[in-house]
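See structure below.
This structure is a prediction, so every number in the text was calculated from the model and none was measured. For the numbers below, each heavy atom of this structure counts, side chains included, while hydrogens, waters and symmetry mates do not. Each chain gets a letter, A, B and so on, in the order its sequence line appears, and its residues count up from 1.
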2 protein chains.
Amino acid sequence: MIKVAVNGYGTIGKRVADAVSCQPDMEIIGVSKTKPGAEAYVAKERGYPLYIADIGKKDAFIKAGLEVAGSVEEMIQKADIVVDATPGGVGEGNKALYEKYQKKAIWEGGEEHELAGFSFNSSCNYDQAIGRQFARVVSCNTTGLCRIIKLIDSVFGVKKVRATMVRRGGDPGDIKRGPIDAIVLNPVTIPSHHGPDVQSVLPHISIVTSAMIVPTTLMHMHFINMELKNPATKEQVIELIKAHSRLGLIEKSTGITSTAELKEFTSDLLRPRGDLWENGIFADSLSVLDGTDLYLFQAIHQEADVVVETVDCIRAMAGDVKTAMESISITNKAVGLTAIR
Amino acid sequence: MIKVAVNGYGTIGKRVADAVSCQPDMEIIGVSKTKPGAEAYVAKERGYPLYIADIGKKDAFIKAGLEVAGSVEEMIQKADIVVDATPGGVGEGNKALYEKYQKKAIWEGGEEHELAGFSFNSSCNYDQAIGRQFARVVSCNTTGLCRIIKLIDSVFGVKKVRATMVRRGGDPGDIKRGPIDAIVLNPVTIPSHHGPDVQSVLPHISIVTSAMIVPTTLMHMHFINMELKNPATKEQVIELIKAHSRLGLIEKSTGITSTAELKEFTSDLLRPRGDLWENGIFADSLSVLDGTDLYLFQAIHQEADVVVETVDCIRAMAGDVKTAMESISITNKAVGLTAIR
């Protein structure tokens, strides 16, 4: 059993903890919080030992009825691998601690590529993660881009990608973020950081990205154009997507045309927290014009798609499972990822 | 003086009435409403004779303190040109009336091209509107696309346009529309109607468009890519935009990165209703990659950009002013359109 600690039990961390705890080859040895609150109660309810960054705050946890197993430093010593899901930019400061105890560590997409020196996506470079000490699972949007670009590139060859990300303003529980009534260019400049970030996983891909933030919480939406090297048909692309377990196909017959209806659907399917771990590709949007000009819309659930990637990354770094296909299959089965159509 | 009637005094109609009434060569002879309400009071306050579609409802207007000048049919008889700004799809039913009295009429972009047989944009085909009986001013988004595409095409040649429209869910006063928390594909299929609509004005342009609706009210946002036939530089494109009075350039130094900040700016400039009649092109977004691959973001104020186009269309159809440049100059001066930078 791979002993996993989750440093930062928030939006991503709590999902990673649940996904890890149902894997046959992994166990959660602890999760960390900086202060008591709803998520700390959930950790207690799940039976995850709770560690805290500042041991001086132990009394506040005790007072709130929350048992404290120890300090984050103690948690790290007990783990084989630490998933650092602390807020973007914070994880960098923890590297020294992981190095001190010679532990493997995974950061999420809020950190820079250079921190880990390796950016991970299950469908693109699983084998390069085998046995590594450090890795970074790319952000939700980059994960969604990498999955579909890699697939299309491997079959038809991709000459150029142009992608526009319409991003949610904040997560559903995040009441402090905006905008309330604006379309915000983030950034104004072209390209957004997503293009270079895709290249941290797929260095040979020519890609230009742009990004906006809008007043919604449920999911991001991507509009992607790929100029192909070789002709494709819509039917061929649909079949490829159907055969890829991390690419979900939203059929026209569902009547789903938006992020909100899609979230309702994954909730009705009783996915934990209504999570969409796959890319949500709209079948009816998929178009190949002039033989080599591919277009599609895909919804990306910002809270969920990196969770299954993180599980695969743990497995690759632990080193026992040698292929992406095998790990993805184990991960999917354990969390209950089956085709949404 | 060109006698103008505005059939449908709503979001667009009330703005057209104000823009017409300040032109040196035009006057408003009447506006129409179907029922009393805030906009009818504004018409009274402005001194526009108020006509009503259903004369049986006259009592309701009288009771509300609103004088009724007569029926819509009577209004049409008094006009040289009718601007039909009734809700999309309704205007079609009025064509017989305009034909009966042999009046010139202009529809807005909510109606089909075929209804008028001619789609208008001041910067693209003013001369083809001269003396016509019927015309359709293309929708706000198509207007915004036509302006910039025509300019770039005329100087560098446009090989292919790919444009994504992130559209506002409803106008600020429209409390019945959504979405509240979703990104809605509208339509799911590629292309959206905007591409073909651009071709109704610029038939030779190869263009693929996509469109989403988001929970905001202030403006649409376009992300546009143009593959050019001949190389361009960012500086050249900026200079061309600066020289075009219907293309506004939002400089980096303003700090504006969103539709909301832009609306605040046009309101501070004391534009009537804070209207942005021009395309709001973000200077910092303008990029030319690989010499011939142009990218930009532009904000399009759905309530405003077609208003000045409609005024030009009236002038072209009346026939006295023979060039777009002359009409645009008169229109801009009269409404107070000066460079926003």
Side-chain angles (χ1 to χ4, degrees), chain A residues 160 162-169 172 178-191 206 208-221 223-225 227 250 252 255-264 282-290 293-297 299, chain B residues 160 162-169 172 178-191 206 208-221 223-225 227 250 252 255-264 282-290 293-297 299:
Chain A
K160 185 161 203 167
R162 296 181 181 89
T164 300
M165 263 64 67
V166 179
R167 298 165 60 193
R168 62 87 181 94
I180 289 174
D181 188 2
I183 299 166
V184 182
L185 305 183
N186 187 267
V188 175
T189 48
I190 312 297
S206 168
V208 178
T209 54
S210 64
M212 287 164 259
I213 295 178
V214 298
T216 183
T217 66
L218 301 175
M219 292 180 189
H220 305 298
M221 187 71 82
F223 180 63
I224 304 179
N225 164 232
E227 284 186 58
I250 304 158
K252 185 183 180 179
I256 294 172
T257 66
S258 68
T259 52
E261 294 155 306
L262 182 53
K263 193 69 169 59
E264 185 80 2
F282 289 79
D284 213 28
S285 74
L286 215 151
S287 308
V288 183
L289 307 181
D290 307 323
D293 207 21
L294 174 66
Y295 296 87
L296 61 87
F297 278 115
Chain B
K160 186 160 202 166
R162 296 182 182 87
T164 299
M165 263 64 67
V166 179
R167 298 165 60 192
R168 62 88 181 93
I180 289 174
D181 188 2
I183 300 167
V184 182
L185 305 182
N186 187 267
V188 175
T189 50
I190 311 297
S206 169
V208 179
T209 54
S210 65
M212 287 164 260
I213 295 178
V214 299
T216 183
T217 66
L218 301 175
M219 292 181 191
H220 306 298
M221 187 70 82
F223 179 63
I224 304 178
N225 164 232
E227 284 186 58
I250 303 158
K252 185 182 181 181
I256 294 171
T257 66
S258 68
T259 52
E261 294 155 307
L262 183 52
K263 192 69 169 61
E264 186 79 2
F282 289 80
D284 213 27
S285 74
L286 216 150
S287 308
V288 184
L289 307 182
D290 306 323
D293 207 21
L294 174 66
Y295 295 87
L296 62 87
F297 278 115

(message) Heavy-atom pairs under 4.5 Å with chain B: which of A/Leu289, A/Asp284, A/Ile250, A/Leu286 has the most?
(response) A/Asp284

(request) With a 4.5 angstrom heavy-atom cut-off, could you sort out which part of B/Thr257 is near chain A: side chain, backbone, both or neither? (result) both

(message) Please classify the contact between B/Asn225 and chain A as side chain, backbone, both or neither, with a heavy-atom cut-off of under 4.5 Å.
(response) side chain

(message) Under 4.5 Å from any heavy atom of chain A, what part of B/Ser287 do you find: side chain, backbone, both or neither?
(response) side chain

(message) Heavy-atom pairs under 4.5 Å with chain B: which of A/Ser285, A/Ala299, A/Gly169 has the most?
(response) A/Ser285

(message) So for B/Ile180, is it side chain, backbone, both, or neither that comes closer than 4.5 Å to the heavy atoms of chain A?
(response) backbone

(request) Give a yes or no on whether the backbone of A/Thr217 and the side-chain of B/Asp181 come within a donor-acceptor separation of less than 3.5 Å. (result) yes

(request) Among the options A/Glu261, A/Arg168, A/Glu227, A/Lys263, pick out the one with the most heavy-atom pairs lying under 4.5 Å from chain B. (result) A/Glu227

(message) So which residue, B/Pro172, B/Ser210, B/Pro191, ends up with the most heavy-atom pairs under 4.5 Å with chain A?
(response) B/Ser210

(message) Check the orientation of A/Tyr295 and A/Phe223. Use parallel for under 30°, tilted for 30 to 60°, and perpendicular for over 60°.
(response) parallel

(request) Would you mind checking which part of A/Lys160 comes under 4.5 Å of any heavy atom in chain B, side chain (CB onward), backbone (N, CA, C, O), both or neither? (result) side chain

(message) Could you report the tightest heavy-atom contact between B/Ile190 and A/Phe297, atom names first, then the distance?
(response) CD1-CE1, 3.7 Å

(request) Would you mind checking which part of B/Asn186 comes under 4.5 Å of any heavy atom in chain A, side chain (CB onward), backbone (N, CA, C, O), both or neither? (result) neither

(message) If you define the side chain from C-beta out and look only at heavy atoms, does anything of A/Thr209 sit under 4.5 Å from A/Met165?
(response) yes

(request) For each of A/Ala182, A/Ala283, A/Pro187, A/Pro179, tally heavy-atom pairs with chain B at distances under 4.5 Å, and name the one with the top tally. (result) A/Ala182

(request) Select one option (side chain, backbone, both, neither) describing which atoms of B/Val214 are under 4.5 Å from chain A's heavy atoms. (result) side chain

(request) Among A/Thr164, A/Asp293, A/Leu296, single out the residue with the greatest number of heavy-atom pairs under 4.5 Å to chain B. (result) A/Asp293

(message) Strictly distance-based, threshold 3.5 Å: is any side-chain N or O of B/Thr259 a donor or acceptor partner for the main-chain N or O of A/Ile183?
(response) yes

(message) For B/Met212, which atoms come within 4.5 Å of any heavy atom of chain A: side chain, backbone, both, or neither?
(response) side chain

